[in-house]
Amino acid sequence: MHECKCLWPDVPLECIVSLGTGRYESDVKNTMTYTSLKTKLSNVINSATDTEEVHIMLDGLLPPDTYFRFNPVMCENIPLDESRNEKLDQLQLEGLKYIERNEEKMKKLAKILSQEKTTLQKINDWIKLKTDMYEGLPFFSKL
């Protein structure tokens, strides 16, 4: 969202699509408290890179049908650099199952992304484009 606002500061946000690499949620939660520096640093890094927390926040803040997150829950914690065929086949199968379970959500997103703009929106976009082209130039050069 920040990058969009930096690149297009005057364009309203219409849709955000977030594609995750999958997540693994272990049934076994570690209840032990570690005080080592390595563990503390790891916890800080994990909390700073927790995309699911960002997802929960955006999903609650943005208007309906604006934010779409796709991030399958994996049955095993498979690293991103995995190259064994049996693990890649497993990832592919889990991905296909996820697509099937989220077919309606994907159809809704496709409909939103492929909506034709109204004539008024097209005129507004054209005016905005022309305004941006001449921004900073003296008024007489616009004529």
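Sequential numbering from 1 along the given sequence is applied to the chain's residues.
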Exercise. Take Leu13 and Leu62, measure what side chain to side chain contact (heavy atoms under 4.5 Å, CB included) needs, and give me the verdict at the end.
Key: CA-CA 10 Å; Leu13 184 67; Leu62 294 173; 4.1 Å; yes
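Side-chain heavy atoms closer than 4.5 Å link hydrophobic residues (I, L, V, M, F, W, Y) into clusters, and following such links, possibly through other members, connects Phe68 to Ile99. A continuous path of ILVMFWY side-chain contacts below 4.5 Å connects Leu19 to Met106, so both sit in one hydrophobic cluster. Follow the hydrophobic side-chain contacts under 4.5 Å out from Tyr24 and you never reach Val73; the two are in separate clusters. Two different hydrophobic clusters hold Leu91 and Leu93 under the rule that ILVMFWY side chains link at heavy-atom gaps under 4.5 Å.
Legend: salt bridge (charged side-chain N to carboxylate O under 4.0 Å, His left out) pairs involving residues 65-77, not counting sequence neighbours, sorted by first then second residue: Glu52-Arg69, Asp65-Lys108, Glu76-Lys87. A salt bridge (charged side-chain N to carboxylate O under 4.0 Å, His left out) check over residues 4-19, counting only residues at least two apart or in different chains, returns the pairs Asp10-Lys128.
The shortest heavy-atom contact between Asn71 and Thr21 is OD1-N, 3.3 Å. The heavy-atom pair separating Lys117 from Gln121 by the smallest distance is CA-OE1, 3.2 Å. Nearest heavy-atom pair across Tyr98 and Phe70 is OH-CA, 3.2 Å. Leu109 approaches Cys15 most closely through the heavy-atom pair CD1-SG, 3.7 Å.
By the 6.0 Å contact criterion, NZ on Lys105 is enclosed, its count of non-hydrogen atoms from other residues, nucleotides or ligands being greater than 12. The environment of CD in Glu86 is crowded: more than 12 heavy-atom neighbours from other residues, nucleotides or ligands sit within 6.0 Å.
Side chain of Arg23 to backbone of Met74: no donor-acceptor contact under 3.5 angstrom is found. Judged by distance alone, with hydrogens and angles left aside, the side-chain atoms of Tyr67 form no donor-acceptor pair with the main-chain N or O of Val17 at under 3.5 Å. Side-chain N or O atoms of Ser114 include one that pairs as donor or acceptor with a backbone N or O of Ala110 at under 3.5 Å.
Here the CZ-CG distance, from Arg101 to Leu96, works out to 10.5 Å after rounding to the nearest 0.5 Å.
A 4.5 Å side-chain heavy-atom check between Thr118 and Lys122 finds every atom pair outside the cut-off. Here the side chains of Gln90 and Glu94 are in contact, with some heavy-atom distance below 4.5 Å. Leu58 has its side chain out of reach of Thr66: every pair of non-hydrogen atoms, C-beta onward, lies at least 4.5 Å apart.
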